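Report on one structure; see the data block that follows.
Since the structure is predicted, the reported quantities are computational estimates derived from the model, not experimental observations. Each residue takes its place number in the sequence, starting with 1. When a ligand or atom number is given, it counts from 1 through the structure's own listing order.
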Amino acid sequence: MTEITTFSVAETLKALKNKEFSAVELTKAYLHNMENGRQYNAYITECADVALKQAEEADKRYINGTNRALEGIPLGIKDLFCTKDIRTTAASHILDNFVPPYESTVTQHLLDDGAVFLGKLNLDEFAMGGSNETSYFGPVINPWSKDKPLVPGGSSGGSAAAVAAHLCAAATGTDTGGSIREPAAFCGITGIKPTYGRCSRYGIVAFASSLDQAGPIAQDVRDCAILLKSMAGFDEKDSTSCNITVPDYESFLNREVKGLTIGLPKEYRPEGLNPEVAAYWDKAAEYLKARGANIKEISLPHTKYALATYYVLAPAEASSNLARYDGIRYGFRADGQHLDDLYINTRTQGFGAEVRRRIMIGTYVLSAGYYDAYFLKAQKMRRLIHNDFMNAFKECDVILTPTSPITAFPIGDESMLQNPINMYLNDVFTVSVNLAGLPALSLPIGLSATGLPYGMQLIGKPFDEGTLFNVAAKIETDAKFERK
Ligand code: GLN
């Protein structure tokens, strides 16, 4: 691995500007890492030709002085973002031959800023999962694995593994219930799920539309700030996108935490919380306290209903969103004697087990007779969870919690695979944020006794990603976490 592929995005931009190396050299170095890193299975599709062309264009712009904000930065794109003329699979058999004729808004923003696309990154099928094991293209291996291969977390597992193993300078992710933050935590890197409406969902394969948000996964807090600035912004093509100015997120890194109040929700410290997790949580709070922040215990009383609420609403929306994959219009088609046969065969063969499970749960909770008992109740609970946060933010500026109760676990872990509920339980600290539409960032805090990374989560007020960057930068400085 050449040294230049260990640089952060900020460092790389500086070096490119100073002509220490060219964008083509840099892209070739990453393509080389990708070739040597295929054992991680991080990429579903590599696009070297596209990348080299974009890098040549970047070099021209550096020479004639028209270089843009991300000129020549080699990125990996989660394979849930539609990329024009580049295959986009959502890690599903049902889309494994789909080449979109259009570009998602978020990736268009990145291209407009001069980014180079190295390829499309692996994920859980349709982003449904927490370990990247539901991908049709096989599991991703966490670069922190030692004797046994470990999961990178999910669903943006390819994105997190690729960033941690330097198979791209940074990556895009999406987060419906934790899919940016959990893999970032498991792979010892940083990711942010912005406020719902901050990034356009146009051209992102939909999972649960009222929860889905795009965001960056990168080596550090500054890189996330740089990337989010490019990805975010109002888009007429997404009716839920918000027309609110996108600030210069990097400028928040220089602010102080003195005088800020940091809330620690007592419900996130149940009896039996892993003592290592609790200790790191306290440590993070101490770092902020030493810098003059106030630490305050807060309450989010409906936390215990969050998982149940999420696992009713997310499948309900998924079952509706995935109705479009019928084998008629695009994607994989299985033969059938009659139209019904064709539908049934296509959807049975085209979707994996976890996706079929969600479609069935979702259809069930939306069906006559069960709608009131499940879907409607979950919608009401969602409002109460949102209100919890709004009340908490009357007393604090930011909320600090662990990202996950555990570290990366082995691929094929029986307890998770045999009982999906065990997998769902890992999302206990992340799903409330999506239900409430809030921004949340995960950054690495330290290693377990077994040498695996833990993440800390910061949750912010709506559209206050800036304060998350401010606070996260201080924890990052004090924790001195050593990346892979
Ligand atoms: N693990 C959660 C799920 O399986 C979250 C996934 C996501 O955020 N895309 O639904």
Close-contact set for ligand 1 against Ala127 heavy atoms, below 4.0 Å: 6 (C), 7 (C), 9 (N)
Have a look at ligand 1 and work out which part of Phe126, if any, has a heavy atom under 4.0 Å from it: side chain, backbone, both or neither. neither
For ligand 1, which is the ligand I care about here, please tell me if Ser179 has any N or O atom under 3.5 Å from one of the ligand's N or O atoms. yes
Return the residue, atom name and 0.1 Å-rounded distance of the protein heavy atom closest to atom 5 (C) of ligand 1. Tyr310 OH, 3.3 Å
Backbone or side chain, does any N or O of Glu182 fall under 3.5 Å from an N or O of ligand 1? no
So does Asp96 get a backbone contact from the side chain of Arg87, meaning a donor-acceptor N/O pair under 3.5 Å? yes
Aromatic contact between Tyr325 and Tyr343, with the criterion being ring centroids under 6.0 Å apart: yes or no? no
Could you tell me whether Lys229 sits above the aromatic face of Tyr249, with NZ or CZ closer than 6.0 angstrom to the six-membered ring centre and within 45 degrees of the axis? no
Would you say ligand 1 has an N or O under 3.5 Å from any N or O of Phe207? no
Met128, any N or O under 3.5 Å of ligand 1 N or O: no
Close approach, Ser155 and ligand 1, non-hydrogen under 4.0 angstrom: yes
4.5 Å side-chain heavy-atom contact, Val151 and Asn142: no
For ligand 1, which atoms sit closer than 4.0 Å to a heavy atom of Gly177? 5 (C), 7 (C), 8 (O)
Atom pairs and distances, donor-acceptor, side-chain atoms in residues 176-192, under 3.5 Å, two or more places apart:
residue : atom : partner : partner atom : Å
Thr176  : OG1  : Asp212  : OD1          : 2.6
Ser179  : OG   : Ser155  : N            : 2.7
Ser179  : OG   : Ser155  : OG           : 2.8
Arg181  : NE   : Asp175  : OD2          : 2.9
Arg181  : NH1  : Thr430  : O            : 3.2
Arg181  : NH1  : Gln457  : OE1          : 2.7
Arg181  : NH2  : Asp175  : OD1          : 2.8
Arg181  : NH2  : Asp175  : OD2          : 3.3
Arg181  : NH2  : Thr430  : O            : 3.3
Arg181  : NH2  : Asn434  : OD1          : 2.6
Glu182  : OE2  : Thr430  : OG1          : 3.1

Protein heavy atom at shortest distance from atom 2 (C) of ligand 1: Asp427 OD2, 3.2 Å
Could you list all the salt bridge (Lys or Arg N to Asp or Glu O under 4.0 Å) pairs where at least one residue sits in residues 124-140, not counting sequence neighbours? none
Tell me if the aromatic rings of Tyr311 and Tyr424 count as close, with their centers under 6.0 Å from one another. yes
May I ask you to identify the nearest protein heavy atom to atom 3 (C) of ligand 1, giving residue, atom name and distance to one decimal place in Å? Tyr311 OH, 3.2 Å
Note: Arg358, heavy atoms under 4.0 Å from ligand 1, region reported as side chain
List the steps and the verdict of salt bridge (charged side-chain N to carboxylate O under 4.0 Å, His left out) for Arg222 and Glu250. CA-CA 6 Å; Arg222 181 177 297 275; Glu250 256 191 296; 2.8 Å; yes
